Structures are given as structure tokens and as C-alpha cells.
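First the proteins, then the strands, lettered A, B, ... as listed; each starts at 1. These numbers come from a predicted model, not from an experiment.
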Protein chains: 2
Amino acid sequence: MLSKACEYGIKATVFLAQQSKNDLLSNVNEIAGAGNSPVAFTAKILQQLARSGIVASVKGAQGGFYIEKNVLRKLNLLQIVTAIDGDAITTECVLGLSHCSEINPCPMHSKYKVIKAEIVNMLHTTLVSELADDLDQKLTFLKN
Amino acid sequence: MLSKACEYGIKATVFLAQQSKNDLLSNVNEIAGAGNSPVAFTAKILQQLARSGIVASVKGAQGGFYIEKNVLRKLNLLQIVTAIDGDAITTECVLGLSHCSEINPCPMHSKYKVIKAEIVNMLHTTLVSELADDLDQKLTFLKN
DNA sequence: TTTAAATAGGACTAATTAGTCCTGTTTTAG
DNA sequence: CTAAAACAGGACTAATTAGTCCTATTTAAA
Ligand code: FES
Ligand code: FES
């Protein structure tokens, strides 16, 4: 469903959201450590998220990443998934037909479209800030 | 969500179900052609499905694959997915934690588990024979 | 009985995804 | 002003998934 890059990206973003609520910057080591994700790969993904305007970065000593308050307020999971994996999740046919449509539906189309809509809706309505709150209350975890 | 192998496997099985209702054998070329899937790769997947008892094969000239009537009667998509991709779809954490559980839930767990349950339920309750009927009525298609 | 059509299966190659590493630049602290 | 801590980004390597190809075996038909 999600690529590894996207999994790491979501974990990184949720962690950063938690830190950013306390106005803390985090560097790549802290971020990767929190989700035990590979450090260098996480750095790549953070660059991508920074280019997409999802996270902000401060260069130089004592620098790091954070999420701007007004971005965080509205930031949802679909934005992260789309920034990293593109829109395949919304457009692809579950059986690999060249595109999912009502005009040339695959055998699973009618059953899958309901689920796809729920996935997209869930991603779209889930705010990173809610997830960060759960994390802060130790109701959820970024690693085992 | 599904591997390419699984996509081809499902398409092959639905096609075979349609053919088998008319007591027709199909060879790998016909099966791959119907779903425009790569021939040699489809052959591999059919071998796997044959070892799993989902399809049956007849060797030699005029041979091919088919699905036994009593298998087809109850055959659902989850059986095919499990035979090819294993049970990852039911057991994996959407954020890549080592396993999905209520005890160490990831930030997406509570929202994702609902969707996962619906996916698994959909796969489990969808009979290949229904899909084959839709295909037969040209309501659905295996390629564009 | 030979030949050709077919599956079975292993070894291989190609493509994609995952992940590392190095070099450059920015910035702060000493 | 210099050193060290950090991000930026490109080039590379590793692992996994996707896909091919060849050889052996089976079997029906000519
Ligand atoms: S056509 Fe296959 S999922 Fe819509
Ligand atoms: S723990 Fe992540 S989906 Fe259940």
C-alpha cells in the first residue's frame, strides 16, 4: 500500500509535529531514531518533504527540521502520501489495468472503489496534529 | 497493495473460471493474452496456483489449466492473494512496525484497522465465480 | 512411434525500490 | 576566523520484485 519512503515520511512528520508543538527543532538523527528508520534514507525523504513545503528546515549548526504552525494546523496524511508516492493510490486499478475507470472496469472495480474511497477519505481527514497528540499521550508509538 | 504476481494471478483465475464453466481448458498463451500479462511470468504464477490446489493442470498436447467445479464453487479472492502474496495483507502494520497490534499501535493503527478489516472481508466474501459471471456478461474486463 | 504441443521447474536477467556515502554549503559557537 | 554541526543533493550500491529463457517431462495425435 505505502512505499517504505512514505512510511518513514509519515513517521518523521508525526514526530516532527509533536516536537514542533513545543517549538523544538529536530535533526535527522533524532527523527530517524524516533521511528527507527534508516538515517540517510530519512534525510532524503525530509529533503523531499521540505521541497513540498510540508516541513521546514534550518541549515547549519543547531539547525534541523520543524513544521510551521499554520502548516501543521491543516496538514493531513494524504498530503504526505501524495508528496512522496504521487497520486497512484487514488488513480491506480487494483488489478493493474492502465487506469481505473467506470468505462472499462476490472472485475474487482465495483468492490474496490468503495475501499479506495475510504482509504483516501481516511488519509484526507486524518490530521497529523491529531496523530501527534496521541503520540504525545503515549497512546501510539513510532517503533516497537 | 497487491504484487504484480497477484494481479496476474487473479486475472488468470477469473479468466479460467469463466472458461471452466464451459468445460474448456486454456493454455498459458490464452490465459496471459486474456489479461495481457507477460506469458512466462503468468506461467510461473499458474504453477504456484496449481501447487496450491487453486487451479488444476493437464500436461501434454491439448493440455492446459482449468478450475475444478467444486473448487470454483467456493473459491474466493483471499485464497488467491494468500497463495501468492502470503498473509502480509492481514498481518502487516501500515507504517512498517514489526507487527500490527493493539498493544503497540502505530499512529495510524486505529484508523487503518477498520480499512484493513474491510479489505480482508471484501477479498474473503468475493467469489471468483461471481467475477467470472460479470466478465461473461461483459460487465467487466481483464484488460483495456 | 515419432513429433509437436503443452506444463514443470530452475537459472538467469532486468527493473524498481530501498538505502548508503560523499562532497558541498550554511550557520552558529568558540 | 575557524571548526564543527547541520542540511542539500548527486552518485552510487544493495535488495527485492518483475520477468525471461532454457531444458526436461508428459501426452495426444498423426
Ligand atoms: S478498474 Fe480496476 S479498480 Fe477500477
Ligand atoms: S500497528 Fe500499525 S497498523 Fe496496526
Side-chain angles (χ1 to χ4, degrees), chain A residues 1-13 16 19-20 24-33 35-68 81 83-86 88-89 92 95-96, chain B residues 1-13 16 19-20 24-33 35-68 81 83-86 88-89 92 95-96:
Chain A
M1 173 117 115
L2 302 176
S3 66
K4 282 286 164 193
C6 201
E7 290 177 12
Y8 301 148
I10 291 172
K11 290 199 280 188
T13 307
L16 270 181
Q19 300 302 295
S20 296
L24 294 171
L25 288 195
S26 310
N27 65 33
V28 177
N29 277 286
E30 293 166 338
I31 298 167
N36 66 30
S37 307
V39 178
F41 195 23
T42 299
K44 275 282 141 72
I45 296 154
L46 285 164
Q47 278 178 39
Q48 222 180 319
L49 292 172
R51 283 191 294 261
S52 309
I54 290 171
V55 306
S57 68
V58 176
K59 284 188 182 179
Q62 319 311 314
F65 294 89
Y66 67 100
I67 304 178
E68 285 178 22
V81 172
I84 297 173
D85 284 352
I89 204 166
E92 268 182 2
L95 289 184
Chain B
M1 174 117 118
L2 301 176
S3 65
K4 282 286 163 191
C6 202
E7 291 177 12
Y8 301 148
I10 291 173
K11 290 199 279 188
T13 308
L16 270 180
Q19 300 301 296
S20 296
L24 294 171
L25 286 197
S26 310
N27 65 34
V28 177
N29 276 287
E30 293 166 338
I31 297 168
N36 66 30
S37 308
V39 178
F41 195 23
T42 299
K44 273 283 139 73
I45 296 155
L46 285 164
Q47 277 178 40
Q48 222 179 318
L49 291 172
R51 283 191 293 262
S52 309
I54 290 171
V55 306
S57 69
V58 176
K59 283 188 181 180
Q62 318 310 314
F65 295 88
Y66 66 101
I67 302 177
E68 284 176 23
V81 172
I84 297 173
D85 285 352
I89 204 164
E92 268 182 4
L95 290 184

- Would you kindly give the CZ-to-C1' distance between B:Phe65 and C:dT7, to the nearest whole Å? 6 Å

- Does any N or O in the side chain of A:Ser20 come within less than 3.5 Å of the main-chain N or O of A:Ile67, such that one atom is a donor and the other an acceptor? yes

- Task: Would you mind reading off the distance between A:Asn29 atom CG and D:dA5 atom P, rounded to a whole angstrom?
- Result: 11 Å

- Query: Of all heavy-atom pairs between A:Ala83 and A:Ile54, which one has the smallest distance, and what is that distance?
  - Reply: CB-CD1, 3.8 Å

- Query: Listed in order of residue number, which residues of residues 47-60 of chain A have a non-hydrogen atom at under 4.0 Å from DNA chain C?
  - Reply: A:Lys59, A:Gly60

- Within this structure, what is the CG-to-P distance between B:Asn27 and C:dA8, rounded to whole angstrom? 12 Å

- Rounded off to whole Å, could you give me the CD-to-C1' distance for the A:Gln62 and D:dA5 pair? 7 Å

- Check for a donor-acceptor pair, side chain of A:Gln47 on one end and backbone N or O of A:Lys44 on the other, with a separation under 3.5 Å. no

- Measure the distance from CD1 on B:Ile45 to P on C:dG9 and round it to the nearest whole Å. 15 Å

- Message: Check whether A:Asp85 reaches the backbone of A:Leu2 with its side chain - one donor and one acceptor, N or O, closer than 3.5 Å.
- Response: no

- Message: Could you go through B:Leu16 and B:Leu49, starting from their C-alpha distance and side-chain angles, then the distance that decides it, and tell me whether this counts as side-chain contact (heavy atoms from CB on, under 4.5 Å)?
- Response: CA-CA 12 Å; B:Leu16 270 180; B:Leu49 291 172; over 6 Å; no

- Task: Mark up nucleotides 12-19 of chain D, 5' to 3', with B wherever a protein heavy atom is under 4.0 angstrom from a base atom, S wherever such an atom reaches only the sugar-phosphate, and - elsewhere.
- Result: ------SB

- Task: Walk me through it: do A:Ser26 and A:Phe65 pass the test side-chain contact (heavy atoms from CB on, under 4.5 Å)?
- Result: CA-CA 5 Å; A:Ser26 310; A:Phe65 294 89; 5.7 Å; no

- Provide the closest heavy-atom pair for A:Gln62 versus A:Leu25 in the form atom of the first, atom of the second, distance. O-CD1, 3.6 Å

- Nearest heavy-atom approach of A:Ala12 to A:Ile31 is CB-CG2, 3.5 Å

